[in-house]
Structure formats: structure tokens, C-alpha cells
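Heads up, the thing below is written out as C-alpha cells.
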Amino acid sequence: MTPLHEWTPTPEKAIALQRELAPRIEREDRLAPVRHIAGVDIGFEQSGEITRAAVVVLAWPGDPRVGFEVVEQVVHREPTRMPYLPGLLSFREIPAALAAFDQLATRPELVMVDGQGIAHPRRLGVASHLGLWLDLPTIGVAKSRLCGVHDEVPEARGEWTPLRHRGETIGAVLRSRVGVKPVFVSLGHRISLATSLDWVVQCLGRTKLPEPTRLADRLASRRGPMPRPAD
DNA sequence: GCGACAG
DNA sequence: ATCTTGTCGC
């Protein structure tokens with residue numbers, strides 16, 4: 001059987017594996033009714049020797065007055081296996097992410113990942129790779145661009161413009177918050193771009209990042225909870 | 001050949 | 001990603 005993932009392949013093997021896996025990505029909706037949404041992010045400690053994977057599971061729908069309910073959260077630490085190489089991020093982050101998912105009691109119906117989905121040179125960013133491995137619908141929400149070109153993004157919250165690469169629309173550049181740099185949304189697996197955008201916007205608080213990714217980001221980088229503004 | 005380059 | 005002080009604004 002073809003491995004969906006190798007622990008520490010050479011860059012050449014990693015690229016070959018990406019080319020083999022990319023055609024397996026499903027770009028249309030195949031989701032179960034969503035009751036839980038997971039957010040995933042990876043952080044590093046001190047000199048980068050230790051990798052920290054964080055997964056946060058939120059109940060859907062949530063109470064808009066208090067934000068989404070955190071059903072479960074897991075942090076997994078392990079030695080870092082690979083350096084960061086543009087385009088090969090998933091091989092560095094996925095092993096830790098999978099270990100964190102293994103500790104989860106809940107099986108989410110939708111996963112948001114900090115990073116690109118198919119908005120990748122070979123259409124297999126970390127969100128797509130993880131979606132294949134987990135066989136779950138995933139969405140990539142990145143804070144910056146890996147590849148592709150786009151027009152200026154309208155200033156209004158919720159507005160977006162297509163991200164294109166080699167004549168293909170690979171994602172969307174979304175104004176998640178007024179006056180802040182936009183986020184890069186792309187489908188990861190088993191979901192369309194339109195539906196991905198819909199979920200990201202629905203999970204938006206007053207911050208740049210949607211709640212699932214924002215909370216996972218905080219956990220992964222060991223920043224404590226932010227004080228909530230008084231009512 | 002010269003830049004660009006998720007986290 | 002991480003390191004790292006102050007500063008601006010609600």
C-alpha cells in the first residue's frame with residue numbers, strides 16, 4: 001500500500017509523494033453534519049528542537065455571546081524531525097499533528113488547519129495532506145501566501161478575491177478583519193472553496209483568524225488565554 | 001540566472 | 001516558526 005506519509009523523507013522523495021497524493025484530493029463537498037470543528041496548529045519551543053502540536057475541538061453551533069464552547073483540547077510535544085522547507089511543511093508538522101489527533105476522544109466532522117490547502121505549488125499543502133491522512137474534510141487558513149497571485153482585497157470584512165496559480169483558482173484571499181492583512185483560505189480535502197469560505201467566515205470572531213485556528217495557535221505557542229472584554 | 005518562499 | 005520592548009487603542 002502507498003504510504004500517505006513518511007516520517008522523514010528526503011526532499012526529492014517528499015516531492016514525489018506529493019505528486020502522487022495530490023490527485024486524491026477531493027475538491028467537492030463530502031461532509032457529515034457538522035457538530036464539532038477542530039483547529040490545528042504547530043508551534044516550536046526555544047531553539048526549535050521541540051515541536052508542539054495543538055488540537056482544539058469546538059462545539060457547533062456555539063453560543064455567539066460567549067464564543068464557541070471548547071469541547072476538548074490536546075497538546076503533543078515531540079522532538080522536531082525536519083527543518084522548514086517551503087513547500088514541504090507538511091512533512092515537518094504532520095507527525096506531531098497526528099499524534100495529537102490520536103489523543104482525541106472526539107472525532108470532528110470538519111478540521112481547520114493553520115497553513116495552505118491546495119494553494120500549494122503541487123496542490124498538496126499541509127491542510128490537504130492532513131485531510132487525506134485523517135480522511136476528514138479540511139480547510140487551510142494561512143496567514144500569508146505561499147504561491148499564486150491576486151488583486152487587491154476589498155476593505156470590507158468578509159470580502160475576498162480569488163488566488164490564482166498557473167491559470168487555476170487555488171484559493172481565496174479573505175478580509176477577515178477590517179484594517180488587517182487578509183488570510184489565505186483554500187480547500188484542504190472533501191470540501192469546496194465556496195463552502196470553505198462559508199465556514200471560515202462563520203467561525204470568525206472579532207479577530208483575524210477564525211476561532212478554531214486562533215485557539216489552536218494560542219495553545220501551540222503556549223500563550224495563555226486572552227482576557228475577554230467585560231460585558 | 002534571479003528572486004520568492006505556508007510555518 | 002521563534003526572539004523580543006515598547007507603543008497605540010478600546
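In what follows, chains are A, B, ... by sequence order, proteins preceding strands, each numbered from 1.
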Among Ile, Leu, Val, Met, Phe, Trp and Tyr joined by side-chain contacts under 4.5 Å, find the other residues sharing a cluster with A:F184 and list them by chain and number.
A:V153, A:L163, A:I170, A:V173

What I want to find out is whether A:D41 reaches A:R218 closely enough, with some N-O distance under 4.0 Å, to be called a salt bridge.
no

Quick one: closest heavy-atom pair of A:A105 and A:E72, and the distance?
N-OE2, 2.8 Å

May I ask you to say what A:G87 touches in the nucleic acid, namely base, sugar-phosphate or nothing, with a heavy-atom cut-off under 4.0 Å?
base

Pick base, sugar-phosphate or nothing for A:L89, based on heavy-atom distances below 4.0 Å to the nucleic acid.
base

Under 4.0 Å between a Lys/Arg side-chain N and an Asp/Glu carboxylate O for A:D135 and A:R24?
no

On a heavy-atom basis, the closest approach of A:A127 and A:G117 is CB-CA, 3.8 Å

Please check the phosphate of B:dG7 (OP1 and OP2 only) for any side-chain N or O of A:S144 closer than 4.0 Å.
yes

Taking pairs as Watson-Crick (N1-N3 plus N6-O4 or O6-N4) or G-U wobble (N1-O2 and O6-N3), each distance under 3.5 Å, the stems of three or more consecutive pairs with DNA chain C are none

Close approaches to DNA chain C from residues 43-54 of chain A, in residue order (heavy atom, under 4.0 Å):
A:G43, A:F44, A:Q46

Stacking of A:F184 on B:dA6 base (centres under 5.5 Å, planes under 30°):
no

Tell me whether the OP1 or OP2 atom of B:dG7 has a side-chain N or O from A:K143 closer than 4.0 Å.
yes

For A:R145 and B:dA4, is the shortest distance between a side-chain N/O and OP1 or OP2 below 4.0 Å?
no

Protein-nucleotide distance (A:D114, atom CG; C:dT2, atom P), rounded to Å
10 Å

Could you report the tightest heavy-atom contact between A:E155 and A:V178, atom names first, then the distance?
O-CG2, 3.7 Å

Under 6.0 Å from the CZ atom of A:R81, do we count more than 12 heavy atoms belonging to anything else shown?
yes

Measure CG/A:L85 against C1'/C:dA1 and give the value in whole Å, please.
13 Å

Give the intermediate values and the outcome of side chain to side chain donor-acceptor pair (under 3.5 Å) for residues A:T161 and A:D151.
CA-CA 7 Å; A:T161 191; A:D151 294 337; 4.5 Å; no

